[in-house]
**Q** 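One structure coming up, written as structure tokens, with questions to follow.
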Amino acid sequence: MNHQLLTGRLTRLVAFDPERAAELSAKWNRDTEFSRNYDYPPVRPRNAKRMLARLTEQSAHSQLGAVQFHIATRDEGQVIGECELEMNQAAHRDAFVAIGIGEPAYWGRGFGTDALGLLLGFGFREWNLHRISLAVFAYNPRALRSYIKCGFRVEGHVRRLLARGGERHDSILMGILKDEWQKAD
Amino acid sequence: MILQLFEGNKIRFAAFDADKDAEVFSRWTHDPEYMRMLSPDPARPLAPFHIKKRFEEWEKEAGRDFYFFVIRTREEDRAIGYARFHWIEWNHGNTHFEMGIGEPDYRRKGYGSEALEMLMRYAFEELNLYRVTGHTMEYNTAAQQFLTGHGFELEVRRREAIYREGRYWDGLSYGLLAQDWQARQSAVGE
């Protein structure tokens, strides 16, 4: 049995540490580009202490539901981002992924793609998923290229959903099936 | 009646100390092979923060029946694994247990064997139980040999109960009766 799940070529998936997460998230969310790429709601400056209080609520229990990781560089172990797998429909074995590289020095260099590859492997081999979904914003072409490299296919456009910077942008829905992943891997 | 329940030859049983042990336990959870051999639950690395939280959750669930041992080497006082009785059925005199040697360099060297014997002594001579139940998975041949080597018998085969690496595996349950363990002590010696 192959147990290689958490170590890639450039990155490793490590445990999500709430104390570290609160500090880093507050720092990374100072960059509007990062925040607007990551999520739908209006972006706001974050307070590490309040974030920690919220993260502390989440259980340490292992069953399916949601799992978060921090992304560390493989060699130095520096935490550069975070990612998450969240069950969408357990009976149908479909989950959503979210990923963000928070350290600008690591954008556009393959680190996100490497970490996403690990997360997909985890989803298909440890959660035994049938498909994995994600949403990417049309104004984030770097992420879109990364997801296509990982084997995701565009499944739809939620037209002009996002209103940002005085313009309207699509949210692009993508998906990857288990057998597509197996061929790409 | 001079008898040491927690001091063995190579190892001792200690209480969990969040400040000392959370980091070590966290490191073990980053080893997918260890996690998959230990449990059918989806493998998941835990930060020291969550190790402490999980320990508190277990302690709260178990109430007065909380028996959790950190396995430490006597020579270097290094934490190498843990064991716990996670479900004691007092009315039946049965307990379920789990055990793992998290430090890879301390596997297959007799530390686990000594820990298992100490754990059984505790179950039968301090908790006064009638039997002990252990569980493992079909792909974990080392655990199967380990349990049968210590006198456990295969009792239950839950067919295709576990799905890992693209196929189904059986879940296995083993049992050891107090009288059989006592007989082994007399036969084999201390």
Side-chain angles (χ1 to χ4, degrees), chain A residues 1-8 12-24 51-53 55-72 74 77 79 82-85 87 90 93 95 118-119 121-130 178-179 181-182 185, chain B residues 16 18-19 22-62 86 98 100 102 104 107 136-144 160-170:
Chain A
M1 210 187 266
N2 174 13
H3 299 291
Q4 196 56 267
L5 275 183
L6 302 178
T7 305
R12 291 192 304 117
L13 297 185
V14 298
F16 184 82
D17 182 325
E19 284 160 337
R20 177 173 63 196
E23 286 297 326
L24 289 176
M51 286 201 69
L52 179 58
L55 291 171
T56 304
E57 299 281 306
Q58 289 163 10
S59 172
H61 191 52
S62 179
Q63 266 303 328
L64 305 187
V67 63
Q68 292 165 288
F69 296 97
H70 271 138
I71 299 167
R74 201 189 78 171
V79 174
E82 61 186 34
C83 60
E84 173 178 36
L85 191 58
M87 188 58 77
R93 289 159 53 212
L118 289 174
L119 191 60
F122 186 88
F124 288 120
R125 289 167 58 207
E126 197 59 14
W127 277 22
N128 302 317
L129 295 170
H130 177 67
K178 176 153 191 190
D179 43 24
W181 169 75
Q182 270 166 341
D185 198 44
Chain B
F16 182 76
D19 297 325
E23 285 224 30
V24 175
F25 275 66
S26 168
R27 179 163 45 80
W28 298 340
T29 65
H30 284 78
D31 178 349
E33 182 178 3
Y34 169 71
M35 294 298 277
R36 284 165 145 194
M37 290 300 163
L38 187 61
S39 167
D41 289 348
R44 184 191 153 184
L46 292 176
F49 182 99
H50 285 127
I51 295 287
K52 291 179 201 171
K53 186 160 198 234
R54 189 180 62 168
F55 179 82
E56 284 157 19
E57 284 169 2
W58 284 349
E59 195 172 29
K60 194 163 168 221
E61 262 175 52
H86 59 278
E98 68 184 23
R107 295 181 198 143
T136 189
M137 291 71 66
E138 184 188 344
Y139 55 77
N140 191 348
T141 50
Q144 291 163 47
E160 305 196 15
I162 290 148
Y163 189 83
R164 269 194 162 134
E165 290 296 308
R167 57 157 284 192
Y168 287 98
W169 308 84
D170 298 343

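The figures here come from the full heavy-atom set of this structure, side chains too, leaving out hydrogens, waters and symmetry mates. Below, chains carry the letters A, B, ... as their sequence lines are ordered, and counting in each starts from 1.
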**Q** Taking side chain as everything from C-beta outward and backbone as N, CA, C, O, which of these in B:Phe49 sits under 4.5 Å from a heavy atom of chain A? Side chain, backbone, both or neither.
**A** side chain
**Q** Counting heavy atoms not belonging to B:Glu23, are there more than 12 under 6.0 Å from its CD?
**A** no
**Q** Would you check if the side chain of A:Asp17 reaches a backbone N or O of B:Pro48 as a donor-acceptor pair within less than 3.5 Å?
**A**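 Pair absent, no side-chain N/O of A:Asp17 close to backbone of B:Pro48.
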**Q** A:Phe122 versus chain B, heavy atoms under 4.5 Å apart: side chain, backbone, both or neither?
**A** side chain
**Q** Can you check whether A:Leu6 reaches B:Pro32 side chain to side chain, under 4.5 Å on heavy atoms?
**A** yes
**Q** Could you check whether atom CD of A:Glu84 has more than 12 heavy atoms from other residues, nucleotides or ligands sitting under 6.0 Å from it?
**A** yes
**Q** Where do A:Thr56 and B:Lys53 come nearest, in terms of heavy atoms and distance?
**A**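 Shortest heavy-atom separation between A:Thr56 and B:Lys53 comes out as O-NZ, 2.9 Å.
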**Q** Below 4.5 Å, heavy atoms only, C-beta onward: do A:Phe16 and B:Leu46 meet side chain to side chain?
**A** no
**Q** Under the rule for side chain to side chain donor-acceptor pair (under 3.5 Å), what residues qualify as partners of A:His70, not counting sequence neighbours?
**A**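 Per chain and number, A:His70 pairs via side chain to side chain donor-acceptor pair (under 3.5 Å) with A:Arg20.
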**Q** Is it true that a side-chain atom of A:His3 and a backbone atom of B:Arg36 form a donor plus acceptor pair closer than 3.5 Å?
**A**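 Side chain of A:His3 to backbone of B:Arg36, a donor-acceptor pair under 3.5 Å: no, none is there.
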**Q** Starting at CE of A:Met1, measure out to CH2 of B:Trp169 and round the result to the nearest 0.5 Å.
**A**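 Answer rounded to 0.5 Å: 4.0 Å.
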**Q** For the interface with chain A, which of B:Glu33, B:Met35, B:Arg164 has the highest count of heavy-atom pairs at distances below 4.5 Å?
**A** B:Glu33
**Q** I'd like to check the ring-ring contact (aromatic ring centres under 6.0 Å, His included) partners of B:Phe16; sequence neighbours left out, ordered by chain and number.
**A** B:Phe25, B:Phe55, B:Phe68
**Q** Distance-only, no hydrogens or angles: does the A:Glu126 side chain make a donor-acceptor pair with backbone N or O of B:Ala43 under 3.5 Å?
**A** yes
**Q** Test B:His30 against every option in A:Leu5, A:Thr7, A:Val14 by the side-chain contact (heavy atoms from CB on, under 4.5 Å) rule and name the one that passes.
**A**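 Option passing the side-chain contact (heavy atoms from CB on, under 4.5 Å) with B:His30: A:Val14.
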